[in-house]
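It should be emphasised that the depicted structure is a prediction, and the values quoted were computed from it without experimental measurement. In what follows, chains are A, B, ... by sequence order, proteins preceding strands, each numbered from 1.
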Number of protein chains: 2
Amino acid sequence: MTATIRDVARLAGVSPSTVSRALSLPEMVNATTRARVAAAVEQLGYEPNRAARGLITGRTGTIGLVVPDLANPFFASLTKGVQARARHHDVAVFVADTDEDPAAEAGLVRALSKQVDGVVLCSPRASDEELAAIAQNTTVVLVNRTAVGLPGVAYDNEDGMRQAVAHLVALGHRRIAWVGGPATSWSTQHRGFGLRNAVEALRAELAPVGNFAPTYEGGMAAADQVVATGATAVVAYNDLVAIGLLARLHSRGISVPGDLSVVGVDDIAMSRMARPALTTVRLPKQEAGRIAVELLLAMLDDPDGAAEGSKHGELHGELIVRDSTGPAPQK
Amino acid sequence: MTATIRDVARLAGVSPSTVSRALSLPEMVNATTRARVAAAVEQLGYEPNRAARGLITGRTGTIGLVVPDLANPFFASLTKGVQARARHHDVAVFVADTDEDPAAEAGLVRALSKQVDGVVLCSPRASDEELAAIAQNTTVVLVNRTAVGLPGVAYDNEDGMRQAVAHLVALGHRRIAWVGGPATSWSTQHRGFGLRNAVEALRAELAPVGNFAPTYEGGMAAADQVVATGATAVVAYNDLVAIGLLARLHSRGISVPGDLSVVGVDDIAMSRMARPALTTVRLPKQEAGRIAVELLLAMLDDPDGAAEGSKHGELHGELIVRDSTGPAPQK
DNA sequence: GGTGAGTCTGCAATCGGTTGCAGTCTGTGT
DNA sequence: ACACAGACTGCAACCGATTGCAGACTCACC
């Protein structure tokens, strides 16, 4: 059906080996031969069979991506970034969605690992030990978190929280509530930590209201507790939670930002469309995917990991001020 | 590194052929031998190398999915459905995002087609001819549209529009505006058609305001024209457009649903969170992905297409009434 | 006991490439 | 004229599976 390397060889009047070399090690073959091969390749529209190549080289030209939930715009953007960068390197991407089920992750990665050269893993909930076990048999790059000994790309959450708090304090807020995401989530821990530091440095006060699902519903559920803290501003785990807060606050007749300022994290598309438009810490999502791919491919090209230094990527957020934050209300 | 079929054979004291058969054609091998093989497989954690198998069978156990934009929640849901169903069949999915560039599609599908058994293609803009050309060399299932001669799964847009119009007419609306998406989009054409029919059947009046980008910005841009038509209700191409409308109407001080009722299509997550919560025609998105996969796999198993009858899937939308529609204002 | 059918199992070819090794050819230095 | 290095190229083995074909063995039946 489709042309094989033998067809090309016949047409060019050379052996298959020469064709193979002309394609992968061009400097090893005579320029005129190379031209004949190129012509034959062109004429037949030949493209090497990846399965056959992979069989002998041990590389598949494919990477895997595991995310908790594709329908979450944060992960969708991440996937876009991974995908675009991989295509740029002529690498295909298997996407697997765990449906927010951390237990399924290990199995998925194991199944994937047989078919790919490496995996970009987005696993906010798994423990460091679980991750280490997974990385035992597969080349893995973490994304959106770190774990000792494993390469990864993550956000500088502390810096992001510092920006948010500085903004709020400048607006006169002194007591700031914090709606955390799942307690086991890496981001929850780091954002909480960053927040505590920032608040302390600026002589304000933090009022954590506990852990909630990282969803719109989570935000709705948290809203009343936020109000009860008496805080004049709130930082939410992410934008979905912040938008949930907005909804519940609105229905209780609490004005944003008049009575309460709200800050999210992520800057998903929806945040711009919320009412009031959400002030948030924008995280470069596609960028994270891109860097993760680069990291992974670099590791695959250099399995000994000589380039230890570059095994971590760190990305910075940027505060986007919109309409959900304003001056603290006068007592 | 990992166990091969030879290792298993040696451990079980049989030939590789027998191992292969024990796994793929169990009834061909003696029960006791089969048990020995099974034990060896278990002990070694053997799993057949897909590349090697694909080389000889010509099947890769992989399908491709091409979508315009993963960041669009509609396509993200679709992808989830495809992905879940494929995993259920132990088939991996390559995801490719064309970045809303119809020109890139053909190339992408061609590149993909070398590596997969078939492709689920979501291409709202391409012409029937372009699709036919693509399907020449690859097994393709269309999704979210139809084209003559090609298998696919699509929504019954006319039925959905009928539901929307019936709802609006029941609320007393007589003049209904229609904000179309891209003119070349299959869905725009079919929704427009369905709308005209429904409006005519119910003795109402349709006021089309032209074609806009299928985005929030598109909706913002369309809003003033909608108002200018004097309609008391508007059906938007999709939810993103509807939410854009909501935003612009709000900033102009036009009350929804007091002055104008708004209906979207899709029911993306964001619609529930809009203010007012959006009335919309819910399209079963994951279901579409699932059915497309089933269709594709069936075609692959039966290349002659004996099962002509089942080559099309049709899905129905369901009107979800929320707060953006209400009684028509009294003149 | 011999024959034939039937059931398993193994041999070896094959899929489409890649690569170590050896051979050919050309050109240069002496 | 000869030896030798260097540049290409081809042969053949190999990656890890699947599968047509044939051999081995069992069993029943005549």
Side-chain angles (χ1 to χ4, degrees), chain A residues 1-41 44-62 90 92 111 113-117 300-301, chain B residues 1-41 44-62 90 92 111 113-117 300-301:
Chain A
M1 203 69 208
T2 69
T4 77
I5 200 171
R6 263 165 268 271
D7 300 326
V8 177
R10 201 171 314 126
L11 182 59
V14 298
S15 80
S17 340
T18 303
V19 175
S20 173
R21 280 191 277 255
L23 294 176
S24 48
L25 308 159
E27 71 287 357
M28 256 191 82
V29 4
N30 187 298
T32 64
T33 324
R34 200 191 312 153
R36 273 219 313 287
V37 170
V41 164
L44 265 44
Y46 169 74
E47 214 161 322
N49 178 317
R50 292 201 182 215
R53 172 183 291 175
L55 198 47
I56 189 138
T57 61
R59 291 272 298 260
T60 61
T62 299
D90 198 26
S113 68
K114 313 275 180 177
Q115 307 180 55
V116 302
D117 297 333
L300 292 173
D301 284 340
Chain B
M1 203 72 209
T2 69
T4 76
I5 201 171
R6 261 167 273 270
D7 300 326
V8 177
R10 201 172 313 126
L11 182 59
V14 298
S15 80
S17 339
T18 303
V19 174
S20 172
R21 280 189 278 256
L23 293 176
S24 48
L25 309 158
E27 71 285 359
M28 255 191 85
V29 4
N30 187 298
T32 64
T33 326
R34 202 192 310 155
R36 274 220 312 288
V37 170
V41 164
L44 265 42
Y46 168 75
E47 213 159 323
N49 179 317
R50 293 204 181 211
R53 171 184 292 176
L55 199 48
I56 189 139
T57 61
R59 291 273 299 259
T60 60
T62 299
D90 197 26
S113 67
K114 312 274 179 178
Q115 307 180 56
V116 303
D117 297 333
L300 291 172
D301 283 341

### Query
Does any N or O in the side chain of R34(B) come within less than 3.5 Å of the main-chain N or O of V29(B), such that one atom is a donor and the other an acceptor?
yes
### Taking every non-hydrogen atom, the tightest pair across V37(A) and A12(A)
CA-CB, 4.1 Å
### Summary
Between V19(A) and A9(A) the two heavy atoms that sit nearest each other are CG2-CA, 3.7 Å
### Query
Does anyone know the first and last nucleotide of DNA chain C in reach of chain A, 5' to 3', at under 4.0 angstrom to a heavy atom?
dG16(C) to dG20(C)
### Task
Quick one: list whatever passes salt bridge (Lys or Arg N to Asp or Glu O under 4.0 Å) with R6(B), sequence neighbours left out.
none
## Note on the structure
The salt bridge (Lys or Arg N to Asp or Glu O under 4.0 Å) partners of R50(B) (sequence neighbours excluded) come to D90(B)
Rounded distance [0.5 Å steps], [atom1] in [X] versus [atom2] in [Y]:
X	Y	atom1	atom2	result
R53(B)	L55(A)	CZ	CG	13.0 Å
Y46(B)	L11(B)	OH	CG	13.0 Å
S20(B)	M28(B)	OG	CE	10.0 Å
D117(A)	T57(A)	CG	OG1	8.0 Å
L44(A)	I5(A)	CG	CD1	12.0 Å

### Summary
With five pairs defining each end axis, the helix from dG1(C)-dC30(D) to dT30(C)-dA1(D) comes out bent, to 10°, by 60°
### Message
Below 4.0 angstrom, which residues in residues 7-36 of chain A have at least one non-hydrogen atom near DNA chain C?
### Response
S17(A), S20(A), R21(A)
### Message
Can you list, in residue-number order, the parts of residues 53-62 of chain B that come under 4.0 Å of DNA chain C, counting heavy atoms only?
### Response
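Output list: L55(B), I56(B).
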#### Entry: Close side-chain approach of T4(A) and N49(A), heavy atoms under 4.5 Å
no
### Message
Can you confirm whether R59(B) sits close enough to D301(B) that some side-chain heavy atom of one is under 4.5 Å from a side-chain heavy atom of the other?
### Response
yes
### Distance, rounded to the nearest Å, where R50(B) contributes CZ and dC15(D) contributes C1'
18 Å
